[in-house]
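What's counted below: heavy atoms across the whole structure, side chains too, no hydrogens, waters or symmetry copies. Position 1 is the first residue of the sequence, and the numbers go up from there.
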Amino acid sequence: MFSKEMWSLGANRSVIRDLFEYGLRQAAIVGPENVYDYSLGNPSIPSPQAVNDAVVEILRDTDSVKVHGYTSAIGDFETRKAIAEDLNGRYHAGIRPENLFICCGAAPGLIAILRALAAKAQAEFVAIAPYFPEYKPFATCAGGKLVVVPADTEHFQVNLEALEAALTPNTQAVIVNSPNNPAGTVYTAETLTALGQLLTRKGEEYGHPIYILADEPYRELVYDGVEVPFIPNLYRNTIVCYSYSKSLSLPGERIGYICVPDAAEDSEALYAAIAGAARAGGHVCAPSLWQKVIARCAHLRPDLQAYDRNRKALRDGLGEMGYCMASPDGAFYLFIQAPNGDDVAFSEMAKEKNLLIVPGTGFGCPGWFRICYCVSYDMIQRSLPVFRELMERCQ
Ligand code: PLP
C-alpha cells in the first residue's frame, strides 16, 4: 500500500521534464544541432569565479568537521549574518541573522512555509497565473489547497479584482513570484503596494494576517535597469523565500534562505513554525560547504550579458515575425502568445520541427507558451527560421 497521490507525482513526469527527455532522444536521432530545446530553466551562465575560488579555499581546511559537519539546524550564524548585511545594504530592511533560516534551495523553503501556514484543515494558498506548476503539489502536500487567480494577459501584473474574489477567511497566504516564471515580467511597486493594501484590508476583515509568500529565485535576473521591489518594505506581512539556484547558477547545490522580518505579525512564532516544518520534513542543516560559500559570496551578483543578448535576439527576432509576448524584464523566460490561439496544438506543431516549447496551460495560462533562453546564442539563431515557418503556417 502506498499513497496514490505520491505515486502519481512520481510516476508522471512534468511536461517540461518530458520535453527535455524527448529532446535528448531526438538529438541522438537527428543530431543535437537540429534540436532547439527551450524547455528547461537550467542556468547556463557560469557561477562567478569568486564562488569557485571560495569552494577551493574552504576545502583547503583540513578540519573535516568544520567543513563538512552538521551546522546548526537553522544555518550557520556567519551565513545568516552575511545575508542580513547584504539585504540591509541594498534595501535598508532591518533584517537580523535571527530572521533568516538557511534552506536547501527555494523548493523545500516554500514547502516549509506552506506547512507552517497550513494551520487549519481548509487552508488556502493563492497563486497568480501564470504560476510555477510545483506550487500545486507543494500546497496540497502541506495540507492546503491552491486557489488560482486568472492571469492579467494584458500586462502580466496582478488582476486585483480577481484576486479579491479569490480571497476567503481560509486564505493564509498569496504566493508572489516576481520576476515571474513563466512570464518573465516583474511586478511593479505600484502593483505590490495595491496588493498589500488589499491584503491589509481583507486581513482586518478576517481577523488574521494574510501573508505574502515572496518566491524570489529570480530576484537578481533583471534587465534594462528594471528594479525588483523588496516586498517586506511595502507590506509588513511578507515572508521571503530566496534561492541561489539562478542568481549564482548553483541549482544543483541546493542553497537558499527564508526571511521572516520582525515586522511580520507573530514573527517569532512564525519563524519557529517554519523551522519546525523544515524539521518535520527533514530539511534542516543545508549543505555545510555551500553555507560557507554563501557566507563569503552573499554580495555577488550574476553577469547577465549572455542572457541579455539571448533575450534581445529572441524579443527582436520573434517580435519582427509578429509574435506577441509579455514584457521580458526579468528571469530567463519569454512568454509568448500562440499565434493559432491554442498553446497545446502550437507546441505539438513546434515539437514536430524539434522546437521544444512549453504550453502555458500547465502554468494556468492557456493560449500562451514559454521559452527559456538560458541556451546558446547559436541555438537561438538556428531556431529562428523554425519560429518563422510556424508563424507562416498559422496565418
Ligand atoms: N520557484 C520558482 C518560481 C522556480 O522557477 C523554481 C525553480 O525553477 C523554484 C521555485 C525552485 O527553485 P530551487 O531550485 O531553488 O528549489
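Contact of the I95 side chain with the P261 side chain is registered, since non-hydrogen atoms from C-beta on lie closer than 4.5 Å. Between Y223 and Y307 there is a side-chain heavy-atom pair separated by less than 4.5 Å. With a 4.5 Å cut-off on side-chain heavy atoms, C104 and P287 count as touching. A 4.5 Å side-chain heavy-atom check between R296 and I58 finds at least one atom pair inside the cut-off. The side-chain heavy atoms of L59 and L289, taken from C-beta on, include a pair separated by under 4.5 Å. For the pair V358/P182, no side-chain contact is recorded, criterion being any heavy-atom separation below 4.5 Å from C-beta on. The side-chain heavy atoms of L199 and L167, taken from C-beta on, include a pair separated by under 4.5 Å. Contact of the V284 side chain with the Y70 side chain is not registered, since no non-hydrogen atoms from C-beta on lie closer than 4.5 Å.
Residue pairs meeting the salt bridge (charged side-chain N to carboxylate O under 4.0 Å, His left out) criterion with at least one member in residues 95-108, sequence neighbours excluded, are R96-E98, R96-D262. The list of ring pair (Phe, Tyr, Trp, His ring centres under 6.0 Å) pairs with a residue in residues 249-292, not counting sequence neighbours, reads Y242-Y257.
Expressed to the nearest 0.5 Å, how far OG of S39 lies from CG of L355 amounts to 10.5 Å. One finds the OG1 atom of T191 at 3.5 Å from the CD atom of Q157 (value rounded to the nearest 0.5 Å). Rounded to the nearest 0.5 Å, atoms SG (C241) and CZ (F101) are 10.5 Å apart. Between the CZ atom in F369 and the CE atom in M325 there is a gap of 8.0 Å [rounded to 0.5 Å]. Rounding to the nearest 0.5 Å places CG of D18 at 11.0 Å from CG of L356. Going from atom CZ of R309 over to atom CG of L314 covers 11.5 Å, rounded to the nearest 0.5 Å.
Under the side chain to side chain donor-acceptor pair (under 3.5 Å) criterion, N159 pairs with no residue at all, not counting sequence neighbours. In this view, R393 satisfies the salt bridge (Lys or Arg N to Asp or Glu O under 4.0 Å) rule with no residue, not counting sequence neighbours. Residues passing the salt bridge (Lys or Arg N to Asp or Glu O under 4.0 Å) test with E220 are R90, sequence neighbours excluded. For the ring-ring contact (aromatic ring centres under 6.0 Å, His included) test, no residue two or more places apart in sequence or in another chain qualifies with Y211. The salt bridge (Lys or Arg N to Asp or Glu O under 4.0 Å) test applied to K351 returns no partner, not counting sequence neighbours. Scanning for side chain to side chain donor-acceptor pair (under 3.5 Å) contacts around E389 gives K353, with sequence neighbours left out.
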Solution key, residues 125-149 side-chain donor-acceptor pairs under 3.5 Å, sequence neighbours excluded:
from, atom 1, to, atom 2, distance (Å)
Y135, OH, D215, OD2, 2.5
T140, OG1, K136, O, 2.9
T140, OG1, P137, O, 3.3

Under 3.5 Å, sequence neighbours excluded: what are the donor-acceptor pairs made by side chains of residues 328-337?
from, atom 1, to, atom 2, distance (Å)
D329, OD1, S327, OG, 3.1
D329, OD2, S327, OG, 3.1
Y333, OH, Y218, OH, 2.6

Donor-acceptor pairs under 3.5 Å, side chain of residues 75-83 to any protein atom, not counting sequence neighbours: which ones?
from, atom 1, to, atom 2, distance (Å)
D76, OD2, K292, NZ, 3.4
T79, OG1, Q291, O, 3.0
R80, NE, G75, O, 3.0
R80, NH1, P97, O, 2.9
R80, NH2, G75, O, 3.4

Under 3.5 Å, sequence neighbours excluded: what are the donor-acceptor pairs made by side chains of residues 224-239?
from, atom 1, to, atom 2, distance (Å)
D224, OD1, R311, NH2, 3.3
D224, OD2, R311, NH2, 3.0
N233, ND2, Y91, O, 2.9
Y235, OH, I210, O, 2.5
R236, NE, A263, O, 2.9
R236, NH2, A263, O, 3.2
N237, OD1, E265, N, 2.7
T238, OG1, Y235, O, 2.7

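Of the possible donor and acceptor atoms, none in the side chain of N88 sits under 3.5 Å from a partner among the backbone N and O of E85. Side chain of Y36 to main chain of V386: no donor-acceptor pair is present (N/O by atom type, distance under 3.5 Å, no hydrogens or angles). Between the side chain of D37 and the main chain of G23, no donor-acceptor pair closer than 3.5 Å is present. A donor-acceptor contact shorter than 3.5 Å links the side chain of R382 to the backbone of E33. Side-chain atoms of S8 never come within 3.5 Å of backbone atoms of K4 as a donor-acceptor pair (strictly under, hydrogens ignored). Side-chain atoms of S47 come within 3.5 Å of backbone N or O of L248 as a donor-acceptor pair.
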Evaluate the criterion side-chain contact (heavy atoms from CB on, under 4.5 Å) for residue pair N180 and F156; output intermediate values, then yes/no. CA-CA 9 Å; N180 184 265; F156 286 95; over 6 Å; no
Run the numbers on Q197 and T193 for side-chain contact (heavy atoms from CB on, under 4.5 Å), then give the verdict. CA-CA 6 Å; Q197 284 163 354; T193 303; 3.9 Å; yes
Are R254 and C103 close enough, and set up right, to give a side-chain contact (heavy atoms from CB on, under 4.5 Å), and what steps lead you there? CA-CA 8 Å; R254 314 311 300 142; C103 54; over 6 Å; no
One pair to check against side-chain contact (heavy atoms from CB on, under 4.5 Å): I274 and L270. What are the steps and the verdict? CA-CA 6 Å; I274 291 170; L270 177 58; 4.2 Å; yes
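Considering every non-hydrogen atom in both A119 and A123, the closest pair reads N-CB, 4.4 Å. Taking each heavy atom of L160 and L195 in turn, the nearest pair found is CD2-CA, 3.9 Å. Heavy-atom minimum distance, S178 versus T185: OG-O, 4.3 Å. Counting all heavy atoms, side chain and backbone alike, S44 lies closest to V375 at OG-N, 3.9 Å. L100 and A84 get closest at one heavy-atom pair: CD1-N, 3.7 Å. Listed here is the closest heavy atom pair of R13 and R17: CD-CB, 3.8 Å.
Salt bridge status for K202 with E205: present, with a side-chain N to carboxylate O gap under 4.0 Å. Here K246 does not pair with E216 in a salt bridge; the nearest charged N to carboxylate O distance is not below 4.0 Å.
Judged by distance alone, the side chains of S383 and Y38 do bring a donor and an acceptor atom under 3.5 Å apart. Side-chain polar atoms of D378 and S376 form no donor-acceptor pair below 3.5 angstrom.
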